[in-house]
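A short worksheet on the structure shown next.
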2 protein chains.
Amino acid sequence: MSGIRALARRLELSIGTVSRALNGRPDVNPATRDRVLNAAREMGYRPNQSGRALRHGRTSTVGLVMETGNPSTLGGDSFFMWLVDALQEELAVAGLDLVILPCHSADDPIAFLERQVARRAVDALIISATRRQDARIAYLAGSDTPFVALGRSETPGDYAWIDLDFETVARESVERLAALGHRRIAVAVPQGDANLAHLYLRGYRAAVAALGLPDDPALVLRTSASENGGVEVAQAILAMDPRPTAVMLGHEMMAIGLYSTLERAGLRPGADLSVVGFRQNPQLGFLSPSLACFRLDLGELGRALGRSVVDVLASPAGLKPGRLIWPMGFEPGPSMEPPPL
Amino acid sequence: MSGIRALARRLELSIGTVSRALNGRPDVNPATRDRVLNAAREMGYRPNQSGRALRHGRTSTVGLVMETGNPSTLGGDSFFMWLVDALQEELAVAGLDLVILPCHSADDPIAFLERQVARRAVDALIISATRRQDARIAYLAGSDTPFVALGRSETPGDYAWIDLDFETVARESVERLAALGHRRIAVAVPQGDANLAHLYLRGYRAAVAALGLPDDPALVLRTSASENGGVEVAQAILAMDPRPTAVMLGHEMMAIGLYSTLERAGLRPGADLSVVGFRQNPQLGFLSPSLACFRLDLGELGRALGRSVVDVLASPAGLKPGRLIWPMGFEPGPSMEPPPL
DNA sequence: GGTAGCGTCGGAAACGTTTACGGTGGTGGT
DNA sequence: ACCACCACCGTAAACGTTTCCGACGCTACC
């Protein structure tokens, strides 16, 4: 109806000329170009996405896969909300659109990716919350679909990824707690095969061994990646004897449940149990006493992720894919104190 | 490359026949059909989305607009996570795909919608978190794009919507609190023009007037739609004299901040201040004492939303669009008690 | 004055599908 | 033996866009 044909007819031009004018080709009279652009604006013309994609062989759209149905392993629910913003902005400067593709966690993730890839509705994919062994990466690396993984994996293959430096975060957490005098330090990570949890534990264990701290398996807690997981962490710690004097949280949302359970038990975070966590969600600022944490700026991460996607799409296949280990700065807070007594 | 042409060549059939076989048309030999289907499976053939969309004039995709950059007015961030699941499932039975379109709240929402509509990358749109005066609805109702609004609006126009019955929720909250003996009842809603907040306040005021309770403007609190908003609510209530004996929360996440602030002040939800709220997020079960609330099953809502979209797409333009006011059941909890003394 | 060059434009093919239409061969009936 | 009919399949057009190619008119130059 309101395609380029109608526009051409109305201007008494050929559709070829109109298309060239719209796309800023040089071989069109400036006066004609203005006439076309004005008419296009007036008629509210927008090129049909399907036609353009069909002609170009690409859609100029990248898909961000979002697992639904269970809390995201990485950083809680609002993760996408804050990440997507900057990501979209960064992709826009390269002329790319962003869509979020919801993938039910109960469904087969490979089949889901396969569908997205084969139908060619997106040019590239972004997956997140990578597992230690991740079949999605194995599949995508074997296909010819450009993709970027938010999080690395032990699955072999050449692919671009950006991962949080959770190993350093955990190591430095132990060191900072130990410097305050803590020796029995508990650690909590989401259960499951998430690679982030693995890295966090690896950093924890390395630091504990290096500093000669007690290496008690009971100090390692695996709970759900949510507020409720924090409740479980607190309950487990309260039941321990001897009780650890500090805990490190490998998931943001755990802090909420931990705080409320501690306070209900008459204990204060910081004074009675030191807590050091990780934070990416601006909304978590309400915690009091405020949480000592390693802080991730999801805006910066989103921009880096966008640039990585653009790079992958621009680079000829076979070029070495970009990899990035994302550092995070420590933000002190009164939830960390020397151990009582 | 691996289009229907290659498939046809390999099978020594015409692409027309292959297409008919794949689409289950009757006029194709069953033996041939099997041959085609087997070869398609073997080659991993998937119809190109762009080609099909171009031919059909529709994309079989619906877009769910997600505002990013600020917490969603309706139900916090995890809202989409839990809604999308069932929505997607329901759309799938009608052969529709779902994508989430992130829209930065700082950008012009009309321009965003206009882009989505004109490029014809989706057949229908879903918008949520409707405002009392909502320019998006005015725009979409004036265009020819099928859409469903999650939430109604005072903006005139014929369009399909599903809205939570927050007016009844608020009215019943007041009545239940009054039945326990409460008279000074505070109410908290997100600031801004969200229609849900308006409905909630309307129900509150109607019940307060009907029951002859004190109608003090200071009892109406407007805070941010987040945990931090709950902190503000608690601080405001603690500063009041006379202090209300109960508070109703028009946003889910407020309960978290409210609880923690109350407990830090040495008050217990329920015993010292009755709280009745609203809950849709399964993860909020960690609150203790558990929250008396009106509960929304986002799965059911998502399914209804999906059906509504399918209806809108199937119904000839001009048919009366479906509208639905979504009731919510009350779930008792120890956060509601008779007022102290 | 012919021709090369340039600026500008129209024509047409192509992307991958679907589908209306027509054609083929075979079967059945009269 | 002819015709009608059916089952099956190939042909081609169409969706909206971009882009290659060629054509046209004009200027400038030899």
Side-chain angles (χ1 to χ4, degrees), chain A residues 1-37 39-40 43-61 95 97 115-123 144, chain B residues 1-37 39-40 43-61 95 97 115-123 144:
Chain A
M1 304 302 121
S2 76
I4 203 176
R5 240 187 211 88
L7 197 54
R9 248 197 303 274
R10 170 170 148 162
L11 290 166
E12 300 189 341
L13 286 170
S14 77
I15 57 175
T17 303
V18 173
S19 176
R20 278 192 304 269
L22 291 171
N23 292 37
R25 299 274 147 168
D27 53 347
V28 50
N29 190 312
T32 312
R33 183 201 317 286
D34 288 347
R35 222 157 55 87
V36 171
L37 292 180
M43 295 181 59
Y45 168 78
R46 302 271 173 168
N48 180 299
Q49 176 68 5
S50 305
R52 176 178 283 198
L54 187 56
R55 166 70 218 216
H56 275 138
R58 58 189 155 79
T59 59
S60 297
T61 303
D97 278 325
R115 253 179 27 226
Q116 306 300 332
V117 167
R119 69 207 317 254
R120 309 215 181 288
V122 293
D123 291 345
D144 57 349
Chain B
M1 304 295 122
S2 76
I4 204 176
R5 240 186 210 88
L7 198 55
R9 250 199 302 274
R10 171 170 146 161
L11 289 166
E12 300 188 344
L13 285 170
S14 77
I15 57 175
T17 303
V18 173
S19 176
R20 278 192 303 267
L22 290 171
N23 292 38
R25 300 273 147 167
D27 53 347
V28 51
N29 192 313
T32 311
R33 182 199 319 285
D34 288 347
R35 221 157 55 88
V36 171
L37 292 180
M43 294 181 61
Y45 168 78
R46 302 271 174 168
N48 180 300
Q49 175 68 5
S50 305
R52 176 178 284 199
L54 187 56
R55 165 71 217 213
H56 275 137
R58 58 190 156 80
T59 60
S60 297
T61 304
D97 279 324
R115 251 177 31 223
Q116 305 300 332
V117 166
R119 70 209 317 255
R120 306 214 180 289
V122 293
D123 292 344
D144 58 348

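Just so it is clear: chains get the letters A, B, ... in the order the sequence lines come, proteins before strands, and each one is counted from 1. Model, not experiment: these values are computed from the prediction.
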Expressed in angstrom and rounded to an integer, what is the separation of B/E12 atom CD from D/dC9 atom C1'? 14 Å
Nearest of D/dG16, D/dG10, C/dT17 to any side-chain atom of A/N48? D/dG16
Nearest-angstrom distance from the residue atom CZ of B/R5 to P of D/dG10: 14 Å
Within residues 21-37 of chain B: residues closer than 4.0 Å to DNA chain C (heavy atoms): B/N23, B/R25
Closest non-hydrogen atoms of B/I15 and B/A8, given as atom of the first, atom of the second and distance, are CG2-CB, 3.6 Å
Whether A/R52 contacts D/dT18 is assessed here as follows: a side-chain N or O lying under 4.0 Å from the phosphate OP1 or OP2. Is that the case? yes
Heavy-atom pair with the smallest gap, counting every atom of A/T59 and A/A53: CG2-CB, 3.9 Å
Just to confirm, is there a sub-4.0 Å distance from OP1 or OP2 of D/dT17 to any side-chain nitrogen or oxygen of A/S19? no
Could you pull out the closest heavy-atom pair between B/G24 and B/R33, with the gap in Å? CA-NH1, 3.7 Å
Expressed as a whole number of angstroms, how long is the span from B/Q49:CD to D/dG16:C1'? 15 Å
B/L13 atom CG is separated from D/dA7 atom P, nearest whole Å, by 19 Å
OP1 or OP2 of C/dT19 versus the side-chain N and O atoms of B/H56: is any pair under 4.0 Å? yes
Which atom pair, heavy atoms only, marks the closest approach of A/R20 to A/D27? CD-OD1, 3.3 Å
Closest non-hydrogen atom pair between A/S60 and A/G95, with its separation: CB-O, 3.8 Å
Does any N or O donor sit under 3.5 Å from an N or O acceptor when you compare the side chain of B/R20 with the base of D/dG10? yes
Regarding D/dT17, can its base be found pairing with the side chain of A/R55 as donor and acceptor, where the two atoms are less than 3.5 Å apart? no
Looking at side-chain heavy atoms only, is the closest gap between A/D97 and B/R119 below 4.5 Å? yes
For a 4.5 angstrom cut-off between non-hydrogen side-chain atoms, does B/T17 reach B/L11? no
Between the protein and nucleotides 23-27 of chain D, which nitrogen or oxygen pairs come in under 3.5 angstrom?
none

Under 4.0 Å between a side-chain N/O of A/S14 and OP1 or OP2 of C/dG10, yes or no? yes
Regarding B/R46, tell me which of base, sugar-phosphate or nothing describes its non-hydrogen contacts under 4.0 Å with the strands shown. sugar-phosphate
C/dC9, C/dT17, C/dG16: which one has an atom nearest the side-chain heavy atoms of B/L54? C/dG16
Quick one: B/R119 CZ to D/dT17 P, roughly how many Å, whole number? 12 Å
Determine, stepwise, if the pair B/L22 / B/I4 fulfils side chain to side chain contact (heavy atoms under 4.5 Å, CB included). CA-CA 10 Å; B/L22 290 171; B/I4 204 176; 4.3 Å; yes
So, do A/Q49 and A/T61 sit near enough that their side-chain heavy atoms are less than 4.5 Å apart? yes
A/I4 side chain, from C-beta outward: closest of C/dT19, D/dT17, D/dT11: D/dT17
Rounded to whole angstrom units, what separation is found between the CG atom of B/L11 and the C1' atom of D/dG10? 15 Å
Side chain of B/I15: nearest nucleotide among D/dT18, C/dT17, C/dG11? C/dT17
For a quick check of understanding: with a heavy-atom distance under 4.0 Å over all strands, which category does A/G57 fall into, base, sugar-phosphate or nothing? nothing
Would you say the side-chain atoms of B/N23 pair up with the backbone N or O of B/R25, donor to acceptor, closer than 3.5 Å? no
